[in-house]
Amino acid sequence: MADPSPARGPVVEADGISKRFGATVALRDARISVAPGESHALVGRNGAGKSTLVSILTGLQQADTGTLRFNGEPAPAAGDTDAWRARVACVYQRSTIIPALSVAENLFLNRQSLSALRPVSWKKLRARAGELLGEYGVDVDPNARAEELTVEQRQFVEIARALSFGARFIILDEPTAKLDARGIERLFAKLRELQAQGVAFLFISHHLQEVYDLCATVTVYRDARHITTAPVADLDQQALVEAMTGEASRGTGPAWSVTGRGTSAGTPLLQATGLSLAGSYQDCSLTARAGEVVGLAGAAASGNVQFGETLAGLHRPQAGTITVADRPVRTGKVPAALAAGIGFVPEDRHIQGLVPQRSVAENATLTVGDQLGPFGTVLPSRTKAFAERMIADLDIKTPGATTPVSALSGGNQQKVVIARALATQPHVLVAIRPTNGVDIKSKESLLGTIRQVADQGRTAVIVSDELDDLRACDRVLAMFHGRVVAEFEHGWSDEQLVTAMEGMTGPTDPKEDHVTHH
Amino acid sequence: MSPTTDLSGPPATAALVPAGRRFDLARYRDLSLVPVLLVLGIIGFAVSPAFLTTDNLLGVGQQATELSLLVLGEALILIAGRMDLSLESTIGVAPVIAMWLVLPDHGGRFNGIGLFPSWTAIPLCLAVGAVIGAINGFLILKLRLNGFIVTLGALTLLRGLQVAVSQGQSIVDVPSSFRYLGSASWFGAPAAIWICALLFLLGGCALAWLRHGRALYAIGGNAEAARAAGIRVDRIVWIVLILGGTLAAFAGVLYTGHYGSISADQGNGWIFQVFAATVIGGVSLNGGRGTLFGALTGVLTLQLVVNVMTLAGVPPLWNQFLNGAIIIVALIISRFASGEKQE
Amino acid sequence: MSPTTDLSGPPATAALVPAGRRFDLARYRDLSLVPVLLVLGIIGFAVSPAFLTTDNLLGVGQQATELSLLVLGEALILIAGRMDLSLESTIGVAPVIAMWLVLPDHGGRFNGIGLFPSWTAIPLCLAVGAVIGAINGFLILKLRLNGFIVTLGALTLLRGLQVAVSQGQSIVDVPSSFRYLGSASWFGAPAAIWICALLFLLGGCALAWLRHGRALYAIGGNAEAARAAGIRVDRIVWIVLILGGTLAAFAGVLYTGHYGSISADQGNGWIFQVFAATVIGGVSLNGGRGTLFGALTGVLTLQLVVNVMTLAGVPPLWNQFLNGAIIIVALIISRFASGEKQE
Amino acid sequence: NRGSSAGSAASGKPKIGIDLPRADSDFWNSYAQYIKSGVSSQGLNTLPVTNSQNDVTKLVANVQVFENTGAKAVVMAPQDTGAIASTLDTLAAKKIPVVSVDTRPDKGQVYMVVRADNKAYGTKACEFLGKQLAGKGKVAELQGDLTSINGRDRSEAFASCMKSEFPGIQVIELATNWDGSVASSKLQTTLAQNPDLNGIYMQAGGVFLQPTLALLQQKGLLKPAGQPGHISIVSNDGIPQEFDAIRKGQIDATISQPADLYAKYALYYAESAAEGKTFQPGPTDHNSTIISLPNGLEDQLPAPLVTKDNVDDKSLWGNNVGH
Ligand SMILES: Nc1ncnc2c1ncn2[C@@H]1O[C@H](COP(=O)(O)OP(=O)(O)OP(=O)(O)O)[C@@H](O)[C@H]1O
Ligand SMILES: Nc1ncnc2c1ncn2[C@@H]1O[C@H](COP(=O)(O)OP(=O)(O)OP(=O)(O)O)[C@@H](O)[C@H]1O
Ligand SMILES: O[C@@H]1[C@@H](O)[C@H](O)OC[C@H]1O
Ligand SMILES: [Mg+2]
Ligand SMILES: [Mg+2]
C-alpha cells in the first residue's frame, strides 16, 4: 500500500496554519513537520490547539489559512477520504467506536468489503479482525458488540484500527489517557516495532515521561502558536514545561508536599468495611484518617474505580458498611453519601461530570442547591458569589461564571468538576482519576487542591492508576482482580507499586502496620 | 435522552477573546421569536383595524390558554429531557372520567356512576391527569420503556378510553365549577388568561430560582452528571411527568368551560402544535435548554398566525399550507436569530 | 439524534466472559415480536375460522403494504439517526401533484395542467417524493434546523398543499398505470405484496451486506466517528431522506391503485402508526440499531391486531382503546424479550 | 360462538355486515344507537358491527372481513367517497350488494345510497338565513373539513344560493376541520373584525353548537330571537341539543339530518338486497324519492328544516333519542 521508495520530503509538513471557531482562535500561524520514520511529540497545555491541528492534518476540518503537504505533495481534496487515509492514520482523542456495532465491523468500518457493490463477507471479516487483534494481544471476541468492551479494550480496538491502514504516518492524540501501565507498555512495544519499519508518528500526551520514552523530537504549542521544535534530548523536563507554560518554573518539585502528618494519629473519618460488589470487587476495606490522602491504585479491571464509586453512592454493594466519622452511611444513594459528607469527582467528566451547555456557576454549584438560598430557592447572587470564589480558589480559567462550561478547555473543565465536589465542603473527597487528560501544570494544581483538603483536617481518596496521582497520597492501597493486595506508605518505588497493581504482591503486605517513615 | 457527550454542541465560546457579544446572543435566544411576533403584529395591523382591539387580542389570548397549558407541561418535560405525547388525550379523557365519577347514574343524557359529589369534579379531573402522568412515569422510569412510544400508545389508548367512557357523546351538562373558570372574566380579561399567566410566571420563577427547577436543566443536559451530583433524577422526572399530566387535565377544565361542553375529540391533533410551539420557542428536544417564556412566545406566534390569516381572509383552501409554512419559517428565524445549530 | 459517543452503556463485563450468550440474545432482538405474532395467530384461529383462510391473510397482507413502505422508509431514516414525520403527507401529496401535472386542464372533475403525457404519472409521482425528501434534507443538513420540527412543519404544509391543489376532492379518474400496481394480482397474490416483499428483501440485504447499508448504522450510532472513518455522512443521510420520500410516494401509488382513487386525506394520521410499528419492531429512535425484518414484524403485528379484533367482534367503542393498549403491550414484550433498556 | 352475534330467531336470515364511520360525534353516535335497536327489533342476522374511525383503509379492512365471514349485504358510510371505489368493485364481483349511508360513492356499484341531499341542506340554510336577514348583512359560515364531500356540498350550495338569491349578504367562510375549538377561535376573530355580524351558518351542530353558544354568551351576544342584536343562527344535524337551543331562542333553525331514518332504511335496504329484491326510481311509501345514479340508486330521505314552529314535532329523531 505505502510507497516503499525513499520519501521525497517530510511525511507531513504544515505551515502557516490558522483556524478559528467563531471568536476562538484555535491555531494561529502554526507549523509542524515530521520526517519519515521520526517519532515526533506534540505537547502543550489544554486548549493549545493540538487536537485542532490533528483534525486538520487528517482532513476532518479545513484550515482557514496555511499549506499542508504530505511527502512533498499537496494535501488531497477535502472530501477525498481514501486519499487522506492512505497518507495519515489517526487515533483521535474522542472515541470513534460505534457502540452498537461488532468489534470486527468497528475495525473495518467503511472498508468491510472491497467495493461498494460487493457484499460483505462477515466470516472473512471476523477472521481478519481476529488476526489484527491478535497482533496487539487484545483478547476480545470480534463478534462482541463494542459497547460490551471495557474502556481500555475499546481504546485498543481504536488503535488497532488506526494502525491497520498501513499508512506511513500515524497520529495518536492522547492514546494513553485511557490505558493502564501494562496497556501503555503494549502500545509502546507495537509503536517501536512499527517505527523500526520506518513508520513516522505524531504523538500527543500530557505525560511528559512518555515523550521522553518514545519520541526523538518534540514540538511545543502554546496559546494556539508554535513555540519550539527541538530534539527531545536537548530539552529537559523543566525546559519543556517552561515552553508549554511560558513561565519560568520555580523548580522541579510540585508546590505541595506529602506531609504524612496525622497518618496514624488522625481519627478515622472514612471507614469502609467488607464491601463487595458482584462482578467488580470482593470484601474490600479501607480506612482514611483525618489529614491523610489515601490512594486506591489498580489497573483497568481491578475494581478500584467501582470501589470508589461505591463510596460515593453510585453502586449498592451486596455486603459491607461505610461509615463517615463513625456514622453509618446508606449505601447506593448519592444524596445519602453527600449528606454524610462524601464529595465525589467522577471518572469521566464528559459522562458523569458536567452538564455541558450549562454555565460554570451552575455546574460548580450542582451539589449544593440547598445552600444557595432560603426555602429551596437558588439565588443568582449567591450562586455567582459561590462560583466566583471557586473560580478564584481553584484558578479556573474562564471568561466568567456564566460561561457555558463546554467552552472551557479540558483542564479547566476538570477543575469545575473538582469545584463541584468541594462545594459541599466534604469530610471525605473521593476522586477518580482526577487529573485525567489534564496538562502537567493543571495536574499539579489539582493535586494540590486535593492535598489541601487533607491539610485542612479532612480526608481524600484518590482512585487512579497514574503514578503521578498516587504520589500525592500518604498511603496507597493496591487492588488487583477485585481485591486489595498490598498497601504502601509514601515513598514507594514505581516498580513496587506497578508490580502490585499487576497482581504480584509487593514487598509490603496489606494491613501491615510497621512501616518506615520518611 | 441518554447521557451523552454532544460533540456538535454550541461552538465553544472563546476563553481567549472576551466573550461578551457571543454570550449575549445566546442569552437572548429565548427572545428569538419576539421579532416574529412584532412582524405578525404589523401585518395584522395593516390587514385589519380590528386587529389591535382589546377584544381581538384578548380573544387570541383566551384561545391560546388551553394550548399554552399543554405547552407549559411539555416544556417542563422536554427541559428534563423527556417527551410526552399523551398530553393531547389527557385534556379530553381527564374531564370525561371526572364527569363519569360525579354525574348521577340516571336521568342525564350522559350517565355517570355518581360516586363523588359534584364539587369534587375539578380536583378529580386534576387527579386523573396526575394518575396518567404517574403511569407513564412508571412505564418509562421503572420498566425503562421508550418514552416516545409509551406515550404514543397512551395517546391512542386514552383517546379510546374517552370514547368508550363517554360512548362517543359530547357531555354538555357539566357542573358549574367546571364551567366557571373557562368562561369567567376577571378585571376585564378572561379568567383563563390570568390563570395561565400566573402559572407561566410561577413555572418560570421555579425554573429560574428554585433548586428543583434548576435541577430540570441539569437532568435534561446530562442525567448521569446530575445523578452523580446527588440529584434524585428519577424522582424529579416522575414528578415532572405527573405535573405535565395535571396541567393537561387543568387545560381540559378550561377547555370545557371555554367551549361549553366536553367533546369527544377535545384536543385531537394538538400534540403537533404543542411540539411546534415549544420548539420554535427555543426549547430543545434533546433536553436541558429553553425557557417557559420562549415556549409562550411559540404559542402566541402560532395563535397570532391563525388570527391574522382569518382577519386577512386567506382562502380556506390555503390555510393549512400556510400554517405549515409558518412553522418552518419561524424555525428558520429562531435558528438564525440564536445563531445556534439545532440537532 | 446528535452524534454521540455513549460510553455509559451496560457495565463493561463481557469480553472477559465468553460473549456467546449475550451476543445471541442481542442477535435475536429483531425476532422479539415473532412470539407476539404467533399468539395473535392462535387467537385469530380460535376466534374465527375465517382467520386462517388465504383470502383473509392475503387481505391483511395487502392492507399492510402501503403502511409497510412508509415503515421501510422511516426505518432507514431512523437507523441513520434521523426522523421524518412528513412521510404521511407525501403519500398523499405526491400522487396529487403527479395527477395535476398529467391530467388535462379541462373536462374532468379534477383538472390538471396537462404538462406531461399520462404514462409519466408514476415516475413523476416518485420524483415529487424525492424532491420532498431532498428539500427536507436541505433544511436539516444545510440550514441545520431541527429535523423533528422541520418535518412536522412539512407534514402540515404538504397536507395543506394537497388540499389546495386537489381543492379537497378525491381524484377518481387516475391513469391506468397508476391503478395497475395497487390492484393487480401476480401468481395468486396481490402484486403489491410481492413488490413490498421484494423491497424489504433488497433493503434488508443492503443493510446487512453492503457498505453503504452498514454506513447507516455507523452514522446513526456515532456520526462523528462515521465521518472520521471516511463515510460521507451528510451525503448519505440526504440520500436516505430522499429515498424515504420516494418510498412514501411509491406507497401513494400503491394506495391509489388499491383504493381506486386519491383521497384528500390519504395517509392522514399514519405517522404515529409508522413510528409505533418501527419501534416495537426493534428499531431505535436514537439511531444505529434495528433491522428491516423487525420493522416488518411491527407492521404485521399492528395489522393483525386490527384483523383479529374485527373478527372477534370487539365492540366498536373499545377499538381505539385496544389499539393503544396493544402498542404498549408489544413494547413491553419487545423490551423484555430483548432484555435491553430503551432510552 | 365464532364471530356471529346472531340470535336464534335470526339464524336463518342472511348475514349483514355493518360498519360505523366513527364513534366520536353526536350525530353518528345516535345513528349507531338506532342501528343497534333496529337490528334487535327486526331480529336481523348481523356480523359484529365494526367502526372504521373515519379512515377508509380501516373500512376496507373491515369490509374484507365481512366478505370472508359470509356477509350477504354490507352497510357502510364511507366518509371518503373516492377511495371506496375499488372495494365496491370487489364486492360487486362477489355479488355482495352495498348500502351506502350519508355519502354517495364517486364510483363503483351501489345497491342503494341512503342519504339526504347535502346540497339541499346548504340551500335550505341559505334560504332561511336570507329571509331572516331580509337579504342584507354579514354571515359567518363554519365549514366542515375541506376534504369531506358532505362539507363541500353544503359549502358549495350555500355559496351559490347566496350569490344568486341574496347578493346583498356577505359570506365569511371559515374552514374548521370539523373542530369546535378552531371554529370558536375563528368566529371570535371574525366577530372582532365584524361587530355587525348578523348571521351564522354552522355546518355541523354536533361539533359547533356548544363552542359557538359559549363564545356568544361570553361576548354578551347571545340575545334571544326577536330581540335587537340577535344573531340569526342556522345549524345542521338536528341533535337534541340544537332543539333545546331553538326552544330557548338561542338559535333559529337547524336541518334535521335524519339519523333514525338513515339507520332504519339502511337496514331495510340491506335486508331487501340480501333477499334479492329490487327497487325502481320514483316516489316511495315513506315520503321520499328514489333517484337513479350512474352507479346505482339513491333514496333521498327528507331532511326537514326545524324552527321554533315545529321543534316539538314528535316525529323528529332528535326528540326521541337519549332519554
Ligand atoms: N469545534 C470547535 N468549536 C469551537 N471551538 C473549538 C472547537 N474545537 C476546538 N475549539 C477550541 O479551540 C481551542 C483549541 O482546542 P484543542 O482541542 O485543539 O486543544 P488541545 O490542545 O487539543 O487541548 P487538550 O490538551 O485539552 O486536548 C480550544 O480553546 C477549544 O475550545
Ligand atoms: N466540536 C466542538 N464544539 C465545541 N467545543 C468543542 C468541540 N470540540 C472540542 N471542543 C472544546 O474544546 C476544548 C478542548 O477540546 P478537547 O476535545 O481536546 O477536550 P479535552 O479537554 O482534551 O477533553 P478530553 O481529554 O476529556 O477529551 C473543550 O473545551 C471542548 O469542549
Ligand atoms: O353532520 C355531519 C355529517 O354529515 C358528517 O359526515 O360528519 C360530521 C357530522 O356532524
Ligand atoms: Mg486535545
Ligand atoms: Mg485532553
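Proteins get letters first, then strands, A, B, ... in listed order; numbering begins at 1 in each. All values below come from the heavy atoms of this structure, side chains included, with hydrogens, waters and symmetry mates left out.
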Mind ranking [options] by heavy-atom pairs under 4.5 Å with chain C and telling me who comes out on top?
options	result
D/Gly108, D/Ala85, D/Ala61	D/Ala61
D/Thr50, D/Thr57, D/Thr69	D/Thr57
D/Thr87, D/Leu20, D/Asn62	D/Asn62
D/Glu67, D/Gln53, D/Lys107, D/Arg152	D/Arg152

Of all the residues in residues 154-170 of chain C, which have a heavy atom that comes within less than 4.5 Å of a heavy atom in chain D?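 Contacts with chain D: C/Val163, C/Gln167, C/Gly168, C/Gln169, C/Ser170.
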
Proximity of residues 268-275 of chain C to chain D, residues having a non-hydrogen atom under 4.5 angstrom: C/Trp270

Is the NZ atom of D/Lys94 crowded by more than 12 outside heavy atoms at less than 6.0 Å?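 Atom NZ in D/Lys94 is crowded, with more than 12 foreign heavy atoms closer than 6.0 Å.
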
Count the heavy atoms of every other residue, nucleotide or ligand shown that sit under 6.0 Å from NZ of D/Lys58, and state whether that count exceeds 12. yes

If I measure from the heavy atoms of chain C, does D/Asp55 come under 4.5 Å with its side chain, its backbone, both, or neither?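 For D/Asp55, the side chain is the part near chain C, not the backbone.
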
Side chain, backbone, both or neither: which part of D/Asp106 has a heavy atom under 4.5 Å from chain C? both

Salt bridge check, D/Glu141 against D/Arg154: does any charged N sit closer than 4.0 Å to a carboxylate O? no

Would you mind checking if D/Asp153 and D/Arg104 are paired as a salt bridge, meaning a charged N to carboxylate O distance below 4.0 Å? no

Does the side chain to side chain donor-acceptor pair (under 3.5 Å) test come out yes or no for C/Asp55 and C/Thr53, once each step is laid out? CA-CA 5 Å; C/Asp55 256 13; C/Thr53 58; 6.0 Å; no

Is D/Thr81 reaching over with its side chain to a backbone N or O of D/Pro105, donor-acceptor style, under 3.5 angstrom? no

Using heavy-atom distances under 4.5 Å, tell me whether C/Ser183 contacts chain D through its side chain, its backbone, both, or neither. neither

Contact part of C/Tyr255 toward chain D, heavy-atom cut-off under 4.5 Å: side chain, backbone, both or neither?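 Side chain only.
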
Which residues satisfy the side chain to side chain donor-acceptor pair (under 3.5 Å) test with C/Ser118, sequence neighbours excluded? none

Indicate the atoms forming the closest heavy-atom contact of D/Ser86 with C/Gly260, along with that distance.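 Closest pair (atom of D/Ser86, atom of C/Gly260, distance): OG-N, 3.5 Å.
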
For the pair D/Phe27 and D/Trp317, name the ring-plane relationship: parallel under 30°, tilted 30 to 60°, perpendicular over 60°. perpendicular

Gap between atom CG of D/Asn150 and atom CZ of D/Arg115 - 0.5 Å precision: 5.5 Å

Atom pair CH2 (C/Trp194) and CG (C/Leu199), whose distance is rounded to the nearest 0.5 Å: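 So the gap between those two atoms works out to 14.0 Å.
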
May I have the step-by-step check of side chain to side chain contact (heavy atoms under 4.5 Å, CB included) for C/Ile193 and C/Leu58, ending in yes or no? CA-CA 8 Å; C/Ile193 295 188; C/Leu58 285 181; 4.0 Å; yes

Set of side-chain contact (heavy atoms from CB on, under 4.5 Å) partners for C/Leu103, sequence neighbours left out: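 Listed in chain order: C/Met99, C/Phe110, C/Ile171.
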
